[in-house]
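None of these values were measured; they are calculated from a predicted model. Chain identifiers are assigned alphabetically (A, B, ...) following the order of the sequence lines, protein sequences preceding nucleic acid strands; residue numbering begins at 1 within each chain. Just the heavy atoms: all of them, side chains too, but no hydrogens, waters or symmetry mates, feed the values below.
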Amino acid sequence: MNYAALSIKELKKNLKRKNFTVESVVRNCIEKIKESKLNAFITVCENEAIKKAKEADKKIKEGIDLPLLGIPFSAKDMYLTKGIRTTAASKVLYNYIPQYSATVIEKLEKAGAIIVGKTNCDAWAHGSSGENSDFGPTENPFQKGYVPGGSSSGSAVSVSTNMSFFSLGTDTGGSIRLPASFCGVVGLKPTYGRVSRYGIISMASSLDSIGHFTKYVEESAYILSITAGNDPKDATTPNIKVDDYLSYLKKGVKNIKIGIPKEYFSKGLDKKIKEKIEKKIKQLESRGAEIKEISLPNTEYGTACYYIIQPAEVSSNLARYDGIRYGKDRKSFGDEAKRRIMLGSHVLSSGYYDAYYKKAMQVRTLIKKDFDEAFKKVDVIIAPVSPTLPWKIGERTQDPLAMYLSDIYTVNVNLAGIPGLSVPIGLVKDLPVGLQILGPHFSESLLFQVGKAIEETNL
Amino acid sequence: MKIHIKHVAKLANLLLSNEEEKKFEKQLSNIITYVEKLNSVNVTNIKITSQITGLENVTREDRIEPSIPQKKALSNAKSKYKGFFKVKRIL
């Protein structure tokens with residue numbers, strides 16, 4: 001039985017009707033994971049998953065229904081999972097066994113979902129390609145030897161290849177949206193604070209967004225309806241009502257104002273990617289959307305601003321890894337981690353704080369203002385995710401700065417804290433291309449609405 | 001601008017070899033030069049943004065709630081003594 005092609009909704013229906021068992025689906029996922037040479041997983045939870053699958057089959061027999069009962073998922077190895085090794089893809093936490101689970105993990109398991117493994121990523125989520133993992137790079141399933149994007153590399157691949165039906169990732173500067181676009185799947189970066197960060201290894205506390213990968217937009221909305229919400233254990237989650245996301249999916253794009261930021265479509269963008277996106281925009285226009293050119297004037301300062309603020313916060317968050325309460329000592333940090341910790345220490349140090357960190361925080365205000373102003377004129381913004389197609393493994397690792405510049409279209413979203421949904425729009429030279437839909441804070445419903453319309457034009 | 005690698009490594013509590021010092025000094029100085037792009041931005045009268053939620057002083061009731069038991073809290077430590085984390089002598 002080819003479970004792989006099924007959506008979460010179809011899988012649930014089939015399981016409820018007992019057309020096949022949860023155990024058979026889970027075993028199928030585990031088999032795929034073990035046979036794969038893409039290096040998408042660090043830890044496979046075979047015994048735990050099969051045990052939970054058997055329990056799920058029992059529940060189904062008893063007529064119990066839960067939103068995600070029996071659905072296999074995976075999580076980026078930044079999510080603490082009680083009793084299951086969690087490494088942040090770093091040698092420092094090679095043998096760390098968490099004593100508790102992240103809030104999001106608890107929520108999903110309470111809804112009946114079954115974790116099949118912890119996915120590979122750039123160590124400490126530091127990277128845009130998956131190449132900074134201490135456990136080896138993950139490969140793009142579309143073309144051997146190419147990067148799947150990062151830092152949530154394994155998560156994107158696990159959904160793209162049906163090793164799991166959805167996967168949890170984190171997006172601090174594009175780390176969900178970029179691999180989603182490189183692997184042909186849907187990737188959601190919710191509004192900062194929409195989903196709890198509790199129990200997820202911190203990278204940059206004012207930028208980290210907790211999101212997920214799915215094959216379809218509807219599934220992305222479904223998962224968010226379970227993970228979103230205020231958490232008393234995370235003081236940065238406001239008490240804002242969780243929308244009925246699914247109810248927006250059939251609304252279409254009639255009269256929706258879509259902003260096209262001119263700074264994102266200038267000469268740095270690959271011509272073929274630009275063509276594909278422009279074609280999509282025309283299709284939306286023919287379905288009733290109003291297209292408006294807008295300007296986000298401080299766009300060009302985003303990367304510089306981000307690579308001051310993020311390393312500063314990283315240097316603070318990684319100070320706890322001293323080998324005393326857990327993990328190995330600081331000698332086990334990889335090069336990229338060391339670079340970011342030192343960069344951060346430098347920009348926060350006496351004599352440099354004002355010129356770098358304070359200045360960056362002021363530029364951050366300007367970048368956020370650009371979006372606030374734009375959303376007075378349009379409902380959503382459409383933009384590319386990556387200026388280029390996925391590159392070959394090893395091509396950019398010599399120059400750290402070259403790697404940082406891959407984030408040019410994604411970082412401003414994190415600085416402003418707004419949500420972004422990356423949806424696949426086809427292939428260029430046999431490699432996937434995506435575009436991102438951006439909206440004001442807490443406008444995820446609108447992103448799903450527009451995303452679903454785009455998905456329908458793909459058919 | 002050139003970064004003072006020995007000073008920064010000390011602040012960051014990272015022990016670097018001579019080779020690493022040279023390598024990182026070059027790489028970090030390059031990155032710092034790039035981020036100095038912000039020098040050309042006019043930020044007169046612009047307030048800082050340290051986080052975008054606007055939330056302040058989020059508190060809870062001062063009530064004892066369950067927490068991780070001592071044994072569990074020590075479960076990943078490489079060095080323990082009678083319920084304590086054991087560390088190298090500081091003084």
Side-chain angles (χ1 to χ4, degrees), chain A residues 95-100 192-193 205-206 232 235-238 298 300-301 303-305 307-308 315 319 322-328 330-331 333 335 338-339 341-349 355-356 358-369 399-401 404 415-418 441, chain B residues 1 3-5 7-16 20 23-25 27-60 65 67-69 71-80 85-88:
Chain A
N95 273 322
Y96 172 64
I97 313 278
Q99 307 94 326
Y100 63 103
Y192 176 84
S205 306
S206 80
T236 60
T237 55
N298 292 287
E300 66 176 293
Y301 302 111
T303 308
C305 180
Y307 278 99
I308 290 172
S315 73
D322 50 21
I324 295 172
R325 289 164 297 166
Y326 37 69
K328 302 212 176 86
R330 296 170 83 72
K331 285 198 291 284
F333 275 129
D335 277 9
K338 286 185 181 161
R339 267 192 289 271
I341 292 168
M342 286 193 283
L343 204 49
S345 304
H346 175 73
V347 302
L348 290 173
S349 65
Y356 294 102
K358 183 169 176 226
K359 183 74 184 273
M361 286 202 287
Q362 288 172 298
V363 174
R364 185 174 185 178
T365 302
L366 295 177
I367 289 171
K368 181 175 179 286
K369 265 207 179 110
D399 179 11
L401 191 54
Y404 296 168
L415 290 167
I418 60 173
H441 294 111
Chain B
M1 100 139 275
I3 204 171
H4 300 294
I5 196 74
H7 173 63
V8 163
K10 190 163 184 231
L11 287 177
N13 193 11
L14 291 171
L15 216 60
L16 302 179
E20 281 184 308
K23 172 176 74 177
F24 288 131
E25 185 181 65
Q27 290 176 336
L28 293 176
S29 301
N30 265 349
I31 297 166
I32 290 289
T33 302
Y34 175 76
V35 301
E36 284 173 344
K37 200 174 205 251
L38 296 191
N39 290 345
S40 62
V41 186
N42 182 0
V43 292
T44 317
N45 296 324
I46 302 294
K47 286 210 175 97
I48 62 167
T49 294
S50 57
Q51 53 101 350
I52 56 84
T53 66
L55 293 169
E56 271 180 8
N57 300 329
V58 178
T59 57
R60 66 170 177 86
E65 288 177 359
S67 55
I68 296 176
K71 215 175 183 179
K72 272 223 164 118
L74 291 163
S75 62
N76 283 292
K78 65 171 187 251
S79 197
K80 327 180 235 245
F85 290 105
K86 198 163 91 167
V87 301
K88 281 203 172 120

Practice task
Run the numbers on A/Q362 and B/L38 for side chain to side chain contact (heavy atoms under 4.5 Å, CB included), then give the verdict.
Solution key: CA-CA 10 Å; A/Q362 288 172 298; B/L38 296 191; over 6 Å; no
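Options B/N30, B/V87, B/V43 differ in how many heavy-atom pairs under 4.5 Å they form with chain A, and the most are formed by B/V43. Ranked by non-hydrogen atom pairs under 4.5 Å with chain A, the options B/N42, B/T53, B/I31, B/I68 are led by B/I31. Counting heavy-atom pairs closer than 4.5 Å to chain A, the top residue among B/V8, B/V58, B/I48 is B/I48. Considering only heavy-atom pairs separated by less than 4.5 Å from chain A, the leading option among B/L28, B/V35, B/L74 is B/V35. Listed options A/I324, A/T236, A/V347, A/D335 were ranked by heavy-atom pairs under 4.5 angstrom with chain B; first place goes to A/D335. Interface check for chain A: of the options B/E36, B/K80, B/K86, B/K88, the most heavy-atom pairs under 4.5 Å are formed by B/E36. Of all the listed residues (B/H4, B/Q27, B/R60), the one sharing the greatest number of non-hydrogen pairs under 4.5 Å with chain A is B/Q27. For the set A/F333, A/Y326, A/Y356, the count of heavy-atom pairs under 4.5 angstrom toward chain B peaks at A/Y356. Among the candidates A/G193, A/P400, A/S206, A/G417, the residue making the largest number of heavy-atom pairs closer than 4.5 Å to chain B is A/P400. Across A/I367, A/T303, A/N298, the residue that shares the most heavy-atom pairs under 4.5 angstrom with chain B is A/T303.
Of the atoms belonging to A/K368, it is side-chain heavy atoms, and not backbone ones, that fall under 4.5 Å from chain B. Using a 4.5 Å cut-off between heavy atoms, A/T365 touches chain B through backbone and side chain atoms alike. For A/N95, the part sitting under 4.5 Å from any heavy atom of chain B is the backbone (N, CA, C, O) and nothing else. For A/A360, the parts sitting under 4.5 Å from any heavy atom of chain B are the backbone and the side chain alike. Looking at B/L55, only its side chain comes within 4.5 Å of chain A, counting heavy atoms on both sides. For a residue to count as touching a neighbouring chain, one of its non-hydrogen atoms must lie under 4.5 Å from one of that chain's; by this rule A/I418 does not touch chain B.
A distance of 6.0 Å separates OH of A/Y192 from CD of B/Q51, quoted to the nearest 0.5 Å. Note that the NE2 atom of A/H346 and the CD1 atom of B/I3 stand 4.5 Å from one another [nearest 0.5 Å]. Note that CG of B/L11 is 12.5 Å distant from CD1 of A/I341, once rounded to the nearest 0.5 Å. With rounding to the nearest 0.5 Å, the separation of OH in A/Y307 from OH in B/Y34 is 10.0 Å. Rounding to the nearest 0.5 angstrom, the gap separating the CG atom in A/L415 from the CD1 atom in B/I52 is 10.5 Å.
The 12-atom threshold is not exceeded at NZ of A/K358, counting heavy atoms of other residues, nucleotides or ligands nearer than 6.0 Å. Counting heavy-atom neighbours within 6.0 Å of B/E56 CD, excluding the residue itself, gives a total of 12 or less.
Put simply, the side chain of B/N76 never gets that close to the backbone of A/R325: no donor and acceptor are under 3.5 Å apart. One N or O on the side chain of A/K359 and one on the backbone of B/V41 form a donor-acceptor pair closer than 3.5 Å. A distance-only check finds a donor-acceptor pair linking the side chain of A/R330 to the backbone of B/A12 [under 3.5 Å].
Across all their heavy atoms, B/A73 and A/Q99 have their closest contact at O-NE2, 3.8 Å. The two atoms that bring B/K78 and A/G323 nearest to each other are NZ-O, 3.2 Å, heavy atoms only. In this structure, A/R364 and B/T49 approach most closely via the heavy-atom pair CD-O, 3.6 Å. Summarising the geometry of B/K37 relative to A/A304, their closest heavy-atom pair is CB-CB, 4.2 Å, with the distance given to 0.1 Å. Taking each heavy atom of B/E20 and A/K338 in turn, the nearest pair found is OE2-NZ, 3.0 Å.
Partners of B/N39 according to the side-chain hydrogen bond (donor to acceptor under 3.5 Å, both in side chains) rule, which considers only residues two or more places apart in sequence or in another chain, do not exist here. Scored by the side-chain hydrogen bond (donor to acceptor under 3.5 Å, both in side chains) test, B/K10 finds no partners at all (sequence neighbours excluded).
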